[in-house]
Amino acid sequence: MPELPEVETTRRGIRKHVEGQTVKAVIIRQHKLRWPIPSTLNKTLARQRIHSVTRRAKYLLLGTDVGHVILHLGMSGSLRILDHSVPAEKHDHIDFVFNNGQCLRLRDPRRFGAVLFCRDDPYQHKLLKSLGPEPLDKHFDAKHIFDLSRKRKVTIKSFIMDSKIVVGVGNIYASEALFRAGIHPKRAAGKVSKEKYHLLVSVIKDVLKEAIKAGGTSLRNFTQSDGKPGYFKQALNVYGRKSEPCPNCKKPITQSVIAQRSTYYCTQCQK
DNA sequence: TTAATCACCTGAGGGC
DNA sequence: TGCCCTCAGGTGATTA
């Protein structure tokens, strides 16, 4: 399940294979993703050179002279670089075929992902323009998040997962960051002290950096662009560890549902 | 404006 | 072994 580290790992993996390549064809096998893939994409991108592979939040942007492809991996999406002669399998929905014979192939069993095209500034696209700061950017700091949290009654976990507050903190890393910061996930965002927000911002950055370094979290079906799994799962303290002893106090990890998402925490260490 | 809920989708895993 | 059911989860849209 791709979160920000998985998307960044994917970006780094595909970048060297995609930047500078010229699109020969776009083969769409399944138009129905989260939103329909534009049927004119092949015509639009044919003979276009991809000059950049960038990321904003969990969106990947493929830059060309005529506009940007906006890619989202949703819940189960993955991108791989393959020789185009490799037969497509079930759930391989779209190929960006390059002149060198390779292709960028999107697989997405659950089809929560998206492939869109934007001719204008992609950062003004309706999906991107209201997003909060990048978590690893200097603009994401304790003052920013503390100021926005005042009088907010929503749980701190939902708050840090809100992309208008900060992008890229998904369910796994929200649980991990709150554990490291010693904050109970059901605490109201407006009741968390400035000191705790200082710590929380710091551990969010740490968790995401460590996960990127480890190649993401391989849960169920995430693989890197070369097909290898991520290794951050081994470093998770609480996520997916219901009833296992807390790494700090040995009390069993609790699981409950917050905002319709499984949440893991230690009732002893997180207040 | 804020908070909560719904909808989309399919593979994995458990129970029988 | 096969069938059925539940769970998982990112995020925009909808509702309260």
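Letters go in sequence order (proteins before strands), and every chain restarts at 1. Computed from a prediction, not measured in an experiment: that's the story for all the values here.
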Give a yes/no answer on whether the side chain of [X] brings an N or O atom under 4.0 Å of OP1 or OP2 in [N].
X	N	value
A/K58	C/dT11	yes
A/Y173	C/dG10	no
A/Q30	B/dT10	no
A/H91	B/dG11	yes
A/K126	C/dT11	no
A/R34	C/dT11	no

Identify whether a stacking contact exists between A/F112 and C/dT11, where the ring centres must be under 5.5 Å apart and the planes under 30° apart.
-> no
A/Q255 has its side chain closest, among B/dA4, B/dC6, C/dA8, to C/dA8
For atom CZ of A/R150, is the number of surrounding heavy atoms from other residues, nucleotides or ligands below 6.0 Å larger than 12?
->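 Yes, enclosed.
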Heavy atoms of other groups near A/K43 NZ, more than 12 under 6.0 Å = no
When we call it a touch if two heavy atoms are under 4.0 Å apart, what does [X] touch: a base, just sugar-phosphate, or nothing?
X	value
A/K164	nothing
A/K90	sugar-phosphate
A/S262	sugar-phosphate
A/F159	nothing

Tell me, do A/L116 and A/I37 make a side-chain contact under 4.5 Å, heavy atoms counted?
-> no
Check: A/H68 ring centroid to A/F117 ring centroid under 6.0 Å = no
Using the closest heavy atom to pick a nucleotide of DNA chain B for each, name whichever of A/D108 or A/A259 lands nearer the 5' end.
->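 Here A/A259 is the residue nearer the 5' end.
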Find the distance A/Q260:CD to C/dA13:C1' and express it as a whole number of Å.
->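 Interatomic distance, CD of A/Q260 to C1' of C/dA13: 13 Å.
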Paired with A/E8, the salt bridge (charged side-chain N to carboxylate O under 4.0 Å, His left out) test is passed by just one of A/K213, A/R55, A/R56, A/K58, namely A/R55
Is there a donor and acceptor pair, one atom on the side chain of A/R152 and one on the base of B/dT1, closer than 3.5 Å?
->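 Donor-acceptor pair under 3.5 Å: no.
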